[in-house]
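All remarks here apply to the structure that follows.
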Amino acid sequence: MPLPEPAADEVLVRTVCSGVSRGTETLVFRGGVPESQHTVMRAPFQEGAFPAPVKYGYLNVGVVEEGPHELLGRTVFCLYPHQTRYVVPASAVTPVPDTVPAARAVLAGTVETAVNALWDAAPLVGDRIAVVGAGMVGCSVAAVLARFPGVRVQLVDADPARAATARALGVDFALPADALGDCDLVVHASATERGLTRSLELLAPEGTVIELSWYGDRQVSLPLGEAFHSRRLVVRSSQVGTVSPARPRRTFADRLAVALDLLADPAFDALITGESDFEDLPRVMPRLASGDLPALCHRIRYGPDGG
């Protein structure tokens with residue numbers, strides 16, 4: 001597509017790498033965004049309309065080739081789809097700290113989701129916590145929780161191969177049947193009905209499930225009878241589209257800056273599970289959507305020097 005000349009308050013960015021957020025992006029790819037959520041689910045720089053065709057994505061790292069002097073030549077993160085070059089307002093890009101490699105910075109949008117979820121969840125020192133669902137978001141939440149003092153954190157997933165990822169992140173792992181109960185807090189991110197049901201089972205009385213899964217157009221049933229009321233359990237949603245009300249003085253930029261600072265930790269590299277060239281993306285997306293190519297974050301390369 002032709003690019004406009006950047007205005008004085010805009011930047012031209014050459015993409016170095018981008019990330020496919022497997023859960024959301026493959027749901028969009030399959031046309032699973034319900035009509036009621038077409039507006040809410042728009043990516044910041046999406047083109048087209050749901051269900052299709054759309055240009056969709058939000059994990060992009062590149063180098064500023066034209067723009068204000070203070071950004072020229074800087075590596076930046078932007079919530080932009082997969083594209084070799086693009087022009088956006090300078091305010092839409094965030095400089096990547098020197099401590100964070102560009103190849104890892106593609107995770108910033110997902111780690112930002114984890115930061116917002118934990119602002120909502122407000123874990124306390126000594127809490128017993130399970131993260132159910134070792135996908136990209138669940139692993140990001142577990143990785144951040146691993147740095148909390150005095151907490152018991154267990155990453156729970158039906159795929160035993162995720163045990164290696166948990167080890168790399170520095171957290172314990174369990175299959176659903178073996179997970180430790182009596183939890184003060186469970187963060188659910190499996191996007192499955194069984195996972196959410198198991199999350200409720202793992203709670204201690206008056207415990208809380210923070211629901212991070214997005215189910216698109218699927219209906220979900222929950223066992224809210226039996227001991228749900230007598231145990232005074234709580235299910236709360238968390239969504240990255242707004243900054244957690246628990247942090248009213250924080251902005252979107254503040255939240256993203258926290259995520260980028262956290263990514264200085266090389267443990268997050270465990271969330272990058274594959275890589276492909278930009279030219280191969282039309283063949284890669286169907287494989288990611290079908291599960292033929294299992295992935296947490298699949299990174300896209302843009303030539304030897306970027307786009």
Side-chain angles (χ1 to χ4, degrees), residues 11 13-25 42-46 56-64 67 71 73-83 86 88-120 135-147 165 168-169 187 189 212 214 238-244 247 250-275 278 295-302 306-307:
V11 290
V13 180
R14 169 177 54 85
T15 303
V16 174
C17 53
S18 61
V20 178
S21 180
R22 183 172 178 267
T24 302
E25 287 194 54
R42 285 192 67 86
F45 294 100
Q46 174 181 319
Y56 197 87
Y58 46 81
L59 302 175
N60 190 299
V61 176
V63 174
V64 176
L71 289 174
R74 292 291 305 271
T75 299
V76 294
F77 176 83
C78 185
L79 297 167
Y80 203 88
H82 311 280
Q83 185 167 309
Y86 53 92
V88 293
S91 59
V93 302
T94 301
V96 174
D98 293 338
T99 54
V100 181
R104 191 186 306 148
V106 295
L107 297 167
T110 306
V111 175
E112 184 184 7
T113 300
V115 170
N116 203 63
L118 292 174
W119 282 351
D120 282 334
M136 196 173 166
V137 171
C139 284
S140 295
V141 171
V144 177
L145 282 171
R147 280 87 191 142
T165 305
L169 298 176
V187 179
L212 286 182
W214 191 66
S238 179
Q239 210 275 337
V240 74
T242 56
V243 175
S244 169
R247 296 293 181 270
R250 300 296 182 93
T251 65
F252 288 102
D254 293 334
R255 191 177 65 186
L256 182 56
V258 172
L260 282 165
D261 285 342
L262 287 167
L263 283 168
D265 188 339
F268 283 96
D269 286 335
L271 304 188
I272 307 290
T273 54
E275 195 171 51
F278 174 68
L296 291 173
C297 179
H298 192 87
R299 190 165 55 208
I300 306 302
R301 299 180 298 250
Y302 290 72

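Just so you know, these numbers use all the heavy atoms, side chains as well, and skip hydrogens, waters and symmetry mates. Counting from 1, the numbers follow the sequence of the chain as shown.
Qualifying ring pair (Phe, Tyr, Trp, His ring centres under 6.0 Å) partners for F77, counting only residues two or more places apart in sequence or in other chains: none. With sequence neighbours excluded, the residues satisfying side chain to side chain donor-acceptor pair (under 3.5 Å) with Q83 are K55.
Within the structure, side-chain hydrogen bond (donor to acceptor under 3.5 Å, both in side chains) pairs that include any residue of residues 104-115 comprise R104-D269, E112-R255 (at least two apart or interchain).
G67 and V11 get closest at one heavy-atom pair: CA-CG1, 4.1 Å. Smallest separation of non-hydrogen atoms from F252 and G241: CZ-O, 3.4 Å. For D261 against P97, the heavy-atom pair with the smallest separation is OD1-CG, 4.0 Å. The minimum heavy-atom distance linking V111 with S140 is given by the pair CG2-OG, 4.1 Å. The two residues T273 and L296 make their nearest non-hydrogen contact at OG1-N, 2.8 Å.
The aromatic rings of Y80 and Y86 sit parallel, their planes meeting at an angle under 30°, below the 60° perpendicular limit.
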- Task: Using the side chain to side chain donor-acceptor pair (under 3.5 Å) rule, take E25 and H82 through it: C-alpha gap first, then chi angles, then the decisive distance, then the call.
- Result: CA-CA 11 Å; E25 287 194 54; H82 311 280; 2.9 Å; yes
- side chain to side chain contact (heavy atoms under 4.5 Å, CB included) assessment of T94 paired with V76: CA-CA 5 Å; T94 301; V76 294; over 6 Å; no
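A donor-acceptor contact shorter than 3.5 Å is absent between the side chain of D120 and the backbone of A117. A distance-only check finds a donor-acceptor pair linking the side chain of R147 to the backbone of A143 [under 3.5 Å].
No hydrogens or angles considered: nothing links the side chains of S18 and N60 as a donor-acceptor pair under 3.5 Å.
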